[in-house]
Number of protein chains: 2
Amino acid sequence: MRSDKVSLSDIARMVGVSTALVSYVLSGKEKEGRVGQEIAAKIRAIAKELNYQPNLLAKSLRKGQTFTIGLIIADISNPFFANIAREVEDESRRHGYTVIIGSSDEDADKAWDLMNVLINRQVDGFIIVSSEHSERLVEHLQRIRLPFVLLDRHFPQFDTDFVVTNNARASYEAGIHLIENGYRRIGFMAYQSAMFHVSERIRGYQEALRDRGIQVEANWLKRVSFLAIETEIRTAIDELVSAESPVDALIFSTYGLAVNGLKYFNERHLRVPEDVAIVSFGQAEVFDLYYCPISYMRQPIDVLAKKAVDILMSRLKGESSESQQYTIEAQLVARESSRKRMIR
Amino acid sequence: MRSDKVSLSDIARMVGVSTALVSYVLSGKEKEGRVGQEIAAKIRAIAKELNYQPNLLAKSLRKGQTFTIGLIIADISNPFFANIAREVEDESRRHGYTVIIGSSDEDADKAWDLMNVLINRQVDGFIIVSSEHSERLVEHLQRIRLPFVLLDRHFPQFDTDFVVTNNARASYEAGIHLIENGYRRIGFMAYQSAMFHVSERIRGYQEALRDRGIQVEANWLKRVSFLAIETEIRTAIDELVSAESPVDALIFSTYGLAVNGLKYFNERHLRVPEDVAIVSFGQAEVFDLYYCPISYMRQPIDVLAKKAVDILMSRLKGESSESQQYTIEAQLVARESSRKRMIR
DNA sequence: CGTCTTTACTTAATCGTTTAAGCGAAAACA
DNA sequence: TGTTTTCGCTTAAACGATTAAGTAAAGACG
């Protein structure tokens, strides 16, 4: 297919030396290779003239390193993950690494297959936003000793590297914020999932209410399945605003829940914050543009991503052996959607 | 780093045959290799037992094919591109290809560097959402005969494969739609760019107005630079709604312009569609969630992406030599933001 | 029974690098 | 002058697959 691919041996032939010498010069190992000044210059000149581009496949095969990392996320078309992907990509490039991204759709089997595809491609390591039931994936990576960092979500039962948000604390602050602004009946919308970060978010919310002497009603907590979100979130909201136990505020625990929930809010003509005040997790332009800008717990995606890459890089250098675990605080961005409650 | 990597020769040693035989069996070439039944079974058994995963680097190096394609887009954190990326990823995987995504930030130099990184990684081909001044990139790929497909944007002066939206037509329809709903003074917001798709979108808009006997005023067309979008779009909108030549409707020619523009609309408390009706390009959840759902020209991202991958695949098989060029129609999704004008 | 074909394998080159080891020749040292 | 060191380069193995070509043994054929 390609015609003018130029290899080390092409240069070697033109200069009249061995490929070894060319390799030494072009990879900056002149010292070790003890190459003559003139011949080095000549090699460099010819390489430049032919626009020599080393074949990274060959290099990787030989060195046992590809300078590639695999990034497994739920869905690149979700802006939260897209932003993560962007930061990971930029940070990795700074270290000379290329990222291969795969979307798992929160499906452990897909994630497993993805992992295998990437392993076959000999990635040097992984950054993973894990999905439910991905314990097997984590165990497998540990067993084969492939470095990886869990991002945004982790498994407390495994001793792994990870970088996550302080989810309990974030929920707690979201709750306190709403309470301090006069809301008393606060709902919480979460995915139906046994993942740690989900239960942490729920825990923080409940603690906030309890700390402020509010009796948490069980049916304020709504859990919807990821796959049937569009229908289930409608039922959940219907129940939350029904006469029986109407809430005056609602915390969405992810971006996807917020988007789907707010769509239904519009449909039902529920007013924010008059009917229901809102604080959400995740972040996206949607929150700015909503008629009533949405308050949210800002997760410092750039910091999370950068830290994850840094940890992975240190692993790839084989530096430490202790697990590196970072929990980063989210920050409340208070907007109109949770403004002080008017007395009705 | 990795301990238990198992290679062809490991299997060969255990079974007591040569690596060649193992290769034949495991790559389903038993016929050509004329391998015995029993030994084939044994090889397969051991391979399974050891969980053998072929080293794609070695395979690629030998075969001169990596089954990898490079996708260059402006920015993965922009939902329009994120959706493209997702579709390209899925469709490619169906063909057994892995995608490496890179963000160019609409910067030709970054795109060039990205291209080189990916070439070094021996991608088999490219799908490119090109940026301004990327003619050099296109010429280079043609010269080295690396297959590529331009997506969403193309250069009319080059004879390349491409898949694009019918931009002139889409703008035209957006314009007609607004006119038919009673708007007469229609503005158009575009990036300051000489790229073909931009001028096509402008052309369609102007034609629509002319066809309906509306005298197009020059200062209805606003062009803002990609880099200084936040400030320039404010000035542009200020001018558009100013007393001198206030518009009653506005077409945003990209997602990014719409988001930034609408933010400023909120700030200035401009009402949609009472003050200004809106039709936008691009698509995202934002448009659904805005207090007044935004009408937009729906570009069939899934079709665009799938077609681009299909074309690239046919190139990789070396099928046709004629350039394959597809122009796909966008579809108006009419919502509240451009509803029939009330007489004031 | 000798020759030809088929079967079931092996050998070895190859892809494009890296890099340890080797090897003359010149320079330094004793 | 003889020995060691340094210099400047080459040789060749290795990474892990693929695959054309070779080969030995068994079976088919006349």
Side-chain angles (χ1 to χ4, degrees), chain A residues 1-44 47 50-68 119-124, chain B residues 1-44 47 50-68 119-124:
Chain A
M1 189 76 59
R2 317 264 312 278
S3 45
D4 59 350
K5 262 275 114 180
V6 25
S7 74
L8 270 193
S9 57
D10 294 324
I11 300 178
R13 204 176 332 104
M14 293 193 67
V15 181
V17 294
S18 71
T19 62
L21 213 57
V22 181
S23 174
Y24 285 130
V25 172
L26 263 29
S27 52
K29 302 242 176 70
E30 301 176 45
K31 298 268 163 59
E32 292 126 88
R34 291 165 305 183
V35 185
Q37 300 270 320
E38 298 166 44
I39 217 81
K42 199 166 172 187
I43 287 171
R44 261 188 284 268
L50 298 185
N51 186 32
Y52 168 72
Q53 303 284 92
N55 183 326
L56 254 35
L57 289 185
K59 184 173 191 156
S60 298
L61 179 59
R62 169 63 219 234
K63 306 247 284 187
Q65 253 195 93
T66 53
F67 296 97
T68 302
I119 288 179
N120 286 15
R121 292 196 179 264
Q122 312 295 122
V123 295
D124 293 336
Chain B
M1 189 78 57
R2 317 263 312 279
S3 47
D4 60 348
K5 261 276 112 181
V6 25
S7 75
L8 269 192
S9 56
D10 293 325
I11 300 178
R13 203 174 334 101
M14 292 194 66
V15 181
V17 294
S18 70
T19 62
L21 213 58
V22 181
S23 173
Y24 285 130
V25 171
L26 263 29
S27 53
K29 301 242 175 71
E30 301 176 45
K31 298 268 163 58
E32 293 127 85
R34 290 167 307 182
V35 185
Q37 301 269 318
E38 299 165 43
I39 217 85
K42 197 165 173 187
I43 287 171
R44 261 188 285 268
L50 299 185
N51 187 30
Y52 168 70
Q53 302 286 93
N55 182 325
L56 255 34
L57 290 185
K59 185 175 191 156
S60 298
L61 178 58
R62 170 63 218 239
K63 306 248 279 191
Q65 253 194 95
T66 54
F67 296 98
T68 302
I119 288 179
N120 286 16
R121 292 197 178 263
Q122 311 297 122
V123 295
D124 293 335

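Because the structure is predicted, anything quoted here is derived from the model rather than measured. Naming convention: chains lettered A, B, ... in sequence-line order (proteins, then strands); numbering from 1 in each chain.
- When each of D/dT18, C/dG16, D/dC9 is scored by its nearest atom to the side-chain atoms of B/L8, the top-ranked nucleotide is D/dT18.
- Smallest separation of non-hydrogen atoms from A/D10 and A/V6: OD2-CA, 3.3 Å.
- The distance between atom CD of B/Q122 and atom C1' of D/dA17, rounded to the nearest whole Å, is 16 Å.
- Contact annotation: the side chain of B/L26 approaches that of B/I11 to within less than 4.5 Å [non-hydrogen atoms, C-beta and beyond].
- Atom-to-atom, NZ of B/K59 to P of C/dG16 comes out at 18 Å; the value is rounded to the nearest Å.
- Residue-level contact check: A/S7 touches the backbone only, with heavy atoms under 4.0 Å from sugar-phosphate atoms and none from bases.
- Residues A/L50 and A/M14 meet the side-chain proximity criterion, which asks for heavy atoms closer than 4.5 Å.
- Between A/S27 and B/A58, the one whose closest nucleotide on DNA chain C sits nearer the 5' end is B/A58.
- The NZ-P distance, from A/K5 to C/dG16, rounds to 9 Å in whole Å.
- In this structure, of D/dA17, C/dC9, D/dT10, it is C/dC9 that holds the atom nearest to the side chain of B/I39.
- In this entry the distance linking CD of A/Q37 with P of D/dC7 reads 12 Å, nearest Å.
- One can place CG of A/L57 at 13 Å from P of C/dT18, the figure rounded to the nearest angstrom.
- For the pair B/Q122 and A/L56, the minimum side-chain heavy-atom distance is 4.5 Å or more.
- Atom CD of B/Q65 and atom CG of B/D124 lie 5.0 Å apart (nearest 0.5 Å).
- Nearest-nucleotide positions on DNA chain C for B/T19 and A/N55 put B/T19 closer to the 5' end.
- Residue B/K63 has its side chain nearest to D/dT19 when only D/dA17, C/dT10, D/dT19 are considered.
- Atom CD of A/Q53 and atom P of C/dT17 are 10 Å apart (whole Å).
- Going from atom CD of A/Q65 over to atom P of D/dA14 covers 21 Å, rounded to whole Å.
- Checking the phosphate oxygens (OP1, OP2) of C/dT19, a side-chain nitrogen or oxygen of A/K29 falls inside 4.0 Å.
- In the set C/dT17, C/dA12, D/dT10, the nucleotide with an atom closest to the side chain of A/L21 is D/dT10.
- In this structure, A/S23 reaches the C/dT18 phosphate: one of its side-chain N or O atoms is under 4.0 Å from OP1 or OP2.
- If you check distances only, the side chain of B/Y24 never reaches the base of D/dA17 with a donor-acceptor pair under 3.5 Å.
- Distance from the side chain of B/R62 is smallest to C/dC15 among C/dG16, C/dC15, C/dT19.
- In this structure, the CZ atom of B/R121 is 15 Å from the C1' atom of C/dT17, given to the nearest Å.
- Remark: A/Y52 is in phosphate contact with C/dT17, judged by side-chain N or O atoms under 4.0 Å from OP1 or OP2.
- Comparing D/dA17, D/dA12, D/dC15 by their nearest atom to the side chain of A/L61 picks out D/dC15.
- Side-chain atoms of A/V25 and A/I39, non-hydrogen and from C-beta on, never get closer than 4.5 Å to each other.
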